[in-house]
Amino acid sequence: MQVHVYDTEKQVSTAAAMLLAAQVIRKPDSVLGLATGSSPVGCYQQLIQWYRDGVLDFSKCISFNLDEYCGLPVEHECSYHAFMKEQLFDHINMKASYLPDGNAPDLQAECRRHDEAIRAAGGIDLQVLGIGRNGHIGFNEPANQLVYGTQIVRLTESTIQANRRFFDSEDAVPRQAISLGIGGIMSAREILLIAMGADKAQAIQETIMHDITPQVQASILRAHPHVTILLDKAAASRL
Ligand code: F6R
């Protein structure tokens, strides 16, 4: 595991964008695993800029997102479909981009379909991750086990509180989501985790310094051969 600590969030975002850009330049038909949330936004802005500058071309790339809320229409401004369009897809020339369907009539079948689609695409080359305050990756919440495949998850109180900022009220935050499982994340050839801010410091400490445990799902990343963690000083303050 390589850990890099930067003074500012902007530096973290630029470094993350550099790693993604290097991936796309080296392998133009890369399969990218993407995340939503605040952590990758600056990175996506930098990628958009480099695309506009003619430095990056995504026309052969495809992407799969980690997760989506269940029961939220894709047109809803807080859906991850809408988020990804606004923050990235509407501004670059990605060949194709896929998110799990949180409104599928058969959610279990949708979980299997998402895993199969990733496999059929050849697997994820580079997976971008944020981390929850409780150590979740994707929406794999603290539990007594690690779940391999894409799954339907009940969001914990901590995650509902953290995501409440995007919604009009706490009641409006969906309670269920569909998320790539830990096996899907660990199958990526390379993983890039971005964390910023003091509210991530404990999760980062537990991920990097404590035992591997499903109570801190990100801690399993220590068993992956190619993980880069990019932190600002606040997120690294307990290391
Ligand atoms: C998002 C995701 C989540 C977030 C995490 C951190 O697709 O899977 O695991 O990465 O909740 O969210 P932010 O970056 O908003 O702090």
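In each ligand, atom 1 is the first atom listed, and ligand 1 is the first ligand listed. Counting begins at 1 with the first residue of the sequence. Owing to the predicted nature of the structure, the values given are computational and were not obtained by experimental measurement.
Looking only at protein heavy atoms, the nearest one to atom 10 (O) of ligand 1 is Gly130 CA, 3.3 Å. Atom 1 (C) of ligand 1 has its closest protein heavy atom at Thr36 OG1, 3.1 Å. Of all protein heavy atoms, the one lying nearest to atom 14 (O) of ligand 1 is Ser39 OG, 2.5 Å. Asp67 OD2, 2.5 Å is the protein heavy atom nearest to atom 8 (O) of ligand 1. Of the protein's heavy atoms, Ile131 O, 3.3 Å lies nearest to atom 6 (C) of ligand 1.
Neither side chain, Tyr148 nor Asp115, offers a donor N or O lying under 3.5 Å from an acceptor on the other. Side-chain contact of Ser179 with Gln151: a donor-acceptor pair under 3.5 Å is absent, judged by distance alone. Judged purely by distance below 3.5 Å, without hydrogens or angles, the side chains of Gln23 and Ser30 pair a donor atom with an acceptor atom. Inspection of the Glu68 and Asn103 side chains reveals no N or O donor paired with an N or O acceptor under 3.5 Å. Counting only N and O atoms by type, the side chains of Asp211 and Thr213 include no donor and acceptor under 3.5 Å apart. For the residue pair Glu157 / Gln161, a side-chain donor-acceptor distance below 3.5 Å is found, with atom types taken as modelled. Checking Thr228 against His4 by side-chain atom types alone, no donor-acceptor pair falls below 3.5 Å. Side-chain polar atoms of Asp53 and Gln49 form a donor-acceptor pair below 3.5 angstrom. For the 3.5 Å distance criterion, the side chains of Glu141 and Thr156 qualify, holding a donor opposite an acceptor.
When each atom of ligand 1 is checked for a heavy atom of Leu66 under 4.0 Å away, the hits are 8 (O). Annotation for ligand 1: atoms under 4.0 Å from non-hydrogen atoms of Gly37 are 14 (O), 15 (O). Residue contact check: Ser38 has heavy atoms under 4.0 Å from atoms 13 (P), 14 (O), 15 (O) of ligand 1. Distances below 4.0 Å separate heavy atoms of Lys200 from the following atoms of ligand 1: 6 (C), 13 (P), 16 (O).
When only interatomic distances are considered, the shortest N/O to N/O separation between Tyr80 and ligand 1 does not fall below 3.5 Å. Ligand 1 has no N or O atom lying under 3.5 Å from any N or O atom of Asn163, backbone or side chain. Taking distance alone, with nitrogen or oxygen atoms compared against 3.5 Å, Gly138 approaches ligand 1 more closely than that limit.
At a heavy-atom cutoff of 4.0 Å, ligand 1 is contacted by no atom of Thr159, backbone or side chain.
Proximity of Arg165 to ligand 1 is established by a heavy-atom distance of less than 4.0 Å. Residue Arg133 places no heavy atom under 4.0 Å from ligand 1.
Remark: Glu116 does not engage Arg113 in a salt bridge, criterion side-chain N to carboxylate O under 4.0 Å.
One option in Met196, His136, Gln217, Glu141 has a heavy atom closer to atom 5 (C) of ligand 1 than any other, and that option is His136.
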